[in-house]
Undergrad: 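Here it is, the structure, as structure tokens.
In what follows, chains are A, B, ... by sequence order, proteins preceding strands, each numbered from 1.
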Amino acid sequence: MVHEKQYWKQVFWMATILAFGFGLLGFFDRMANGHLHADYGSYVPWGLWVAGYIYLIGLSAGAFLMSALVYVFRIEAFEKIGRLALLTALATLIGALLCIWFDLGHMGRAWRLVARTNFGSVMGWMAWLYGSYFVLLLFEFRFATRAELTAHHSVRTTSPLVQKLVGFDPTQPEAHPVEKDLKVLRILGSVGIPLAIAFHGSVGAIFGSVGARPYWNSGLTPIIFLVGAATSGGALLALVTAVFGIRTQREQDRRIVYLIGRLVLVLLAMDVLLEWSEMSIGLWSSLPSESESIRLVLFGHFWWVFWFVHVGFGILVPGLLLLFKPRSLTAVALAGLLITVTFISVRLNIVIPALAVPELEGLRYAFTGPGLKFDYFPSLMEWQLFLFTISLSAMVFLAGIQWLPVVDYSVENPGSEGGK
Amino acid sequence: MAEEQKTVQTVEQSTGLSPDEENRMRERRELLQKIGSGVFASLLMSPLMATPIKEALTAPDTTQKLTSLPEVPEGQPDEDPIIRMVRDLKRALQKPMEERKWSMVIDLRKCVGCHACTVGCIAENKLPPGVVYRPVLEEEIGTFPHVARRFIPRPCMQCEEPPCTTVCPVNATWKRKDGIVEIDYDQCIGCRYCITACPYSARTFDTGHYYTEDAPSQPAGYLGSADARVYETAPNYDYGQERPRVDEQSPIGNARKCHFCVHRLEKGMLPECVVTCIGRATFFGDANDPESLVSELIPQPNVMRLKEEMGTKPKVHYLM
Ligand code: SF4
Ligand code: SF4
């Protein structure tokens, strides 16, 4: 079994290193040439990196909300995956922040988001919300790890550095009673839930509040963002739990994955409902300003992204897998993988179509130049840099499960003596 | 007296609020700012603060001392409207900044679609590829053989209620006292939120391109890329600041837009697009001055503004 885990870890490390190597080229290009080789510009000012940012930040918020099931609501069935969810949230948050940082016209001025915040702008709040969330995640991770070490210090070998970092003294495990740490975790988690809802809802509000873009300008946008975050974050957690988080031979362990799978299925259904509501109302209103963007999504140049990538591989296949094979580890993991990977198409289909419709008739041909166009497709450099940030996220995650006490294959349940 | 009342009325219209209301809004905002230290306050405060009051409070005073203004002859019968507008301009510049309301009127019946204003603006502001302040939109109306073409020059509307300024996360853009919407290139982080928020696509992003990119080089003369680039890197004077466009420094990486040639205005010159317009289709002046040409044109019954229903109150008017 451990052998099998090692195998998967190696596979994921290899893929991550490959993505990193390929992505590095994009990173160098971005550093050397700024935005010169990007396909976004003046009329479609946001592209893959903004979509990538809301994608990753959604995964983070979703994974975090799943961790709340453990630390706030103390749902026993999920107990084993609390730290895994926190690590996933942390890794994806780092990727998201990098992604949006690379997108700025002046990366060196990012600190002004804190120093000169305009609290009248939803975006103004983001630096503060992410800052608080980041600190909260670190603390939660620290206490969750220490609780784990305290409960099972006898059965694991953890490096002294890690023990020091999380404030665990192996000679005096009773100095940090698990109950006390769990209480702190509950408080942190309780603060975290509104925080996660606030920051991801606010990401939705960044778009929802833009009156100039009817496709975004809806009160439903922040809600769609939240449900999408929970769906994609849950799906990612189903995948990493199945691959790294459990002992696959044990039925009790497998049940955790089945349970996440069921949760994801419900969330996916809600997501589809909201999407249907948003799209059908937009189409039925038959006001071209809004319906044009929706038409672009459904029948435009990139229609296949919606129908094949999103509906086919992001909803139908995983939906059927979760519906008809809810007790197959492979099926649930595969569904998780499909939903997670294809969710970037959902994010792209939020960001781009609203911008790809000219705000004024005649603008398309009024003047030409790089960026003065409404057809956008991410350039090679954009894909590379996006992969680069994903690979960094993956590295943080893989390093976490490799060197930190995140997953414990030897312990059945915290609190009980584990087998070997 | 009647004129005075008219002027006061127009100033009030420009903020959309009476002084009392302004005070109340300010007090409310200050109180909220004190309370607003938590996540929940964010939900409440953000929309409340996204009001025009914000601008007056955050905008630095960009009033400049004017040195000398050009001599303009007295009005003559059949004089070129440009002369009259320069006279209007001079009068406006002698008033305090907050009493001016720079406005533009574009007579679509006179516009022949020559794009001279677009090109003049590019030359004046040394705009790089991908950045355009005043494109001319072309619309075809009807079907053959009953076809007409309409040309609509589209500068920044310098909205009285600009949705582009309130979204800026770092207060890098605001409405000045004279109504011109300014961007502080040194503060702008290049997030491009304002570009998405403008209903007129008036903001563009300077990605750092040069027209001379990949051009063959030549040892001397303005034929080769090296020499031609001298022009492209020479300073521009957006918002009255001298800025060479080099080394990925601002304005590269910033949002950019038309500013009614504020650097020219403050030297007593009309915006470049006004003077290059071969059809004399663009008029410019102070709408708070009842004597000005634009004040005569704006109340015409055939006047319209773009996307009026959005409530942005553009200061660019079109005569149909
Ligand atoms: S036209 Fe656009 S950029 Fe200009 S003030 Fe209005 S909203 Fe802002
Ligand atoms: S691009 Fe610059 S001016 Fe526009 S919102 Fe961002 S920081 Fe503000």
Side-chain angles (χ1 to χ4, degrees), chain A residues 33-36 38 40-43 45-46 50 100 103-110 112-113 115-129 132 191 194-195 198-199 201-202 205-207 209-213 216 354-355 358-363 365-367 369-372, chain B residues 33 36 39-40 42-43 45-51 54 58 115 118 128-132 135-139 150 152 154 163-164 166-172 187-193 195-201 203-209 213 248 250 252-255 306-307 310:
Chain A
N33 300 311
H35 299 259
L36 278 185
Y40 54 76
S42 291
Y43 292 158
W46 287 346
V50 171
I100 200 63
D103 187 72
L104 291 185
H106 286 275
M107 289 171 66
R109 297 179 188 169
R112 297 214 171 114
L113 284 163
R116 283 179 61 96
T117 313
N118 171 13
F119 288 108
S121 158
V122 192
M123 198 186 272
W125 282 92
M126 301 320 284
W128 292 95
L129 293 173
S132 328
V191 176
L195 189 58
F199 82 71
S202 300
I206 286 182
F207 294 87
S209 60
V210 177
R213 312 282 173 172
W216 292 341
L355 304 167
E359 290 184 301
L360 296 168
E361 203 185 321
L363 198 58
Y365 303 109
F367 199 72
L372 293 176
Chain B
Q33 220 165 18
V39 175
F40 293 110
S42 80
L43 303 173
M45 255 173 76
S46 294
L48 272 181
M49 287 176 67
T51 63
K54 179 98 195 90
T58 51
H115 298 254
T118 313
V131 176
V132 61
V136 178
L137 317 183
E138 298 189 11
E139 261 179 61
R150 183 163 59 192
I152 308 174
R154 195 247 44 220
C164 57
T166 43
V167 298
C168 176
V170 293
N171 287 313
Q187 297 303 337
C188 167
I189 59 171
C191 69
R192 314 192 286 288
Y193 195 11
I195 304 183
T196 69
C198 168
Y200 306 97
S201 293
R203 290 183 174 230
T204 48
F205 181 50
D206 189 338
T207 33
H209 284 281
E213 243 161 48
E248 302 217 6
S250 287
I252 295 175
N254 292 128
L306 291 181
K307 299 195 178 182
M310 297 208 87

Undergrad: Among B/I195, B/D206, B/L306, which residue forms the greatest number of heavy-atom pairs with chain A at distances under 4.5 Å?
TA: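 Result: the option with the highest number of such pairs is B/I195.
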Undergrad: Is it the side chain or the backbone of B/P163 that comes within 4.5 Å of chain A heavy atoms, both, or neither?
TA: neither
Undergrad: Please flag which part of B/R203 lies under 4.5 Å from any non-hydrogen atom of chain A: side chain, backbone, both or neither.
TA: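 The answer is the backbone of B/R203.
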Undergrad: Please classify the contact between B/E213 and chain A as side chain, backbone, both or neither, with a heavy-atom cut-off of under 4.5 Å.
TA: side chain
Undergrad: Give, as side chain, backbone, both or neither, the part of A/W216 having an atom under 4.5 angstrom from any heavy atom of chain B.
TA: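 A/W216 touches chain B through side-chain heavy atoms alone.
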Undergrad: For the backbone of B/L137 and the side chain of B/R154, can you confirm whether one donor and one acceptor N or O come within less than 3.5 Å of each other?
TA: no
Undergrad: Counting distance only, does the side-chain N/O of B/N254 pair as donor-acceptor with the main-chain N or O of A/G105 below 3.5 Å?
TA: no
Undergrad: Would you mind checking which part of A/A205 comes under 4.5 Å of any heavy atom in chain B, side chain (CB onward), backbone (N, CA, C, O), both or neither?
TA: backbone
Undergrad: If you count heavy-atom pairs under 4.5 Å between each of B/I189, B/T204, B/T207 and chain A, which one has the most?
TA: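 If we count pairs closer than 4.5 Å to chain A, B/I189 comes out on top.
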Undergrad: Is it true that a side-chain atom of A/Y365 and a backbone atom of B/E138 form a donor plus acceptor pair closer than 3.5 Å?
TA: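 No; zero donor-acceptor contacts below 3.5 Å.
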Undergrad: So for B/E139, is it side chain, backbone, both, or neither that comes closer than 4.5 Å to the heavy atoms of chain A?
TA: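 Contact with chain A: side chain only.
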Undergrad: Between A/R112 and chain B, with a heavy-atom cut-off of 4.5 Å, which part of the residue counts as in contact: side chain, backbone, both or neither?
TA: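 Both parts, backbone and side chain.
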Undergrad: Closest heavy-atom contact between A/V122 and A/S209?
TA: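 Result for this residue pair: CG2-OG, 3.9 Å.
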Undergrad: With respect to chain A, which residue among B/S250, B/A172, B/P128 yields the maximal number of heavy-atom pairs within a distance under 4.5 Å?
TA: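 Among B/S250, B/A172, B/P128, the one with the most close pairs to chain A is B/S250.
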Undergrad: Show, in sequence, the C-alpha distance, side-chain angles and deciding distance for B/H115 and A/F367, and conclude whether the ring pair (Phe, Tyr, Trp, His ring centres under 6.0 Å) test is met.
TA: CA-CA 10 Å; B/H115 298 254; A/F367 199 72; 8.1 Å; no
Undergrad: Work out which heavy atom in A/M126 is nearest to a heavy atom in A/F199; give both atom names and the distance.
TA: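 Minimum heavy-atom separation between A/M126 and A/F199: CE-O, 3.4 Å.
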Undergrad: Chain B heavy atoms under 4.5 Å from A/L355: which part of the residue, side chain, backbone, both or neither?
TA: side chain
Undergrad: Would you mind telling me which of B/S201, B/P169, B/A255, B/G190 has the largest number of heavy-atom pairs within less than 4.5 Å of chain A?
TA: B/P169
Undergrad: Given heavy-atom pairs under 4.5 angstrom as the criterion, report whether the side chain, backbone, both or neither of B/I252 touches chain A.
TA: backbone
Undergrad: In terms of heavy-atom pairs under 4.5 Å with chain A, which of B/V167, B/T118, B/V132 leads?
TA: B/V132
Undergrad: Does a side chain donor of either A/W46 or B/T196 reach within less than 3.5 Å of an acceptor in the other side chain?
TA: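 No pair is found: no donor N or O on one side chain lies under 3.5 Å from an acceptor on the other.
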Undergrad: I'd like to know which of A/S42, A/A212, A/A110 tops the heavy-atom pair count under 4.5 Å against chain B.
TA: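 Winner by heavy-atom pair count: A/S42.
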Undergrad: Of the backbone (N, CA, C, O) and the side chain (C-beta and beyond), which part of A/I100 lies under 4.5 Å from a heavy atom of chain B, both, or neither?
TA: neither
Undergrad: Are the side chain of B/R192 and the backbone N or O of A/D103 linked by a donor-acceptor pair below 3.5 Å?
TA: yes
Undergrad: Is there a side-chain contact between A/V50 and A/F207 in this structure, where contact means two heavy atoms from C-beta onward sitting under 4.5 Å apart?
TA: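 The answer is yes; the side chains approach within 4.5 Å.
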Undergrad: Need one label for A/S132: side chain, backbone, both or neither, based on atoms under 4.5 Å from any heavy atom in chain B.
TA: neither
Undergrad: Go through A/G371, A/P370, A/G362 and name the one with the most non-hydrogen pairs under 4.5 angstrom from chain B.
TA: A/P370
Undergrad: Under the criterion side chain to side chain contact (heavy atoms under 4.5 Å, CB included), I'd like the reasoning laid out for A/E361 against B/I152: C-alpha separation, chi angles, the key distance, then a yes or no.
TA: CA-CA 10 Å; A/E361 203 185 321; B/I152 308 174; over 6 Å; no
Undergrad: Can you see which heavy atom on B/E248 is nearest to which on A/H106, and at what distance?
TA: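 Of all heavy-atom pairs spanning B/E248 and A/H106, the closest is O-CE1, 3.9 Å.
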Undergrad: Measure distances from B/V170 to the heavy atoms of chain A and classify the residue's part below 4.5 Å as side chain, backbone, both or neither.
TA: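 For B/V170, heavy atoms of backbone and side chain both lie under 4.5 Å from chain A.
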Undergrad: Can you give me the closest heavy-atom contact between A/N118 and B/C168, atom names plus distance?
TA: ND2-O, 2.7 Å
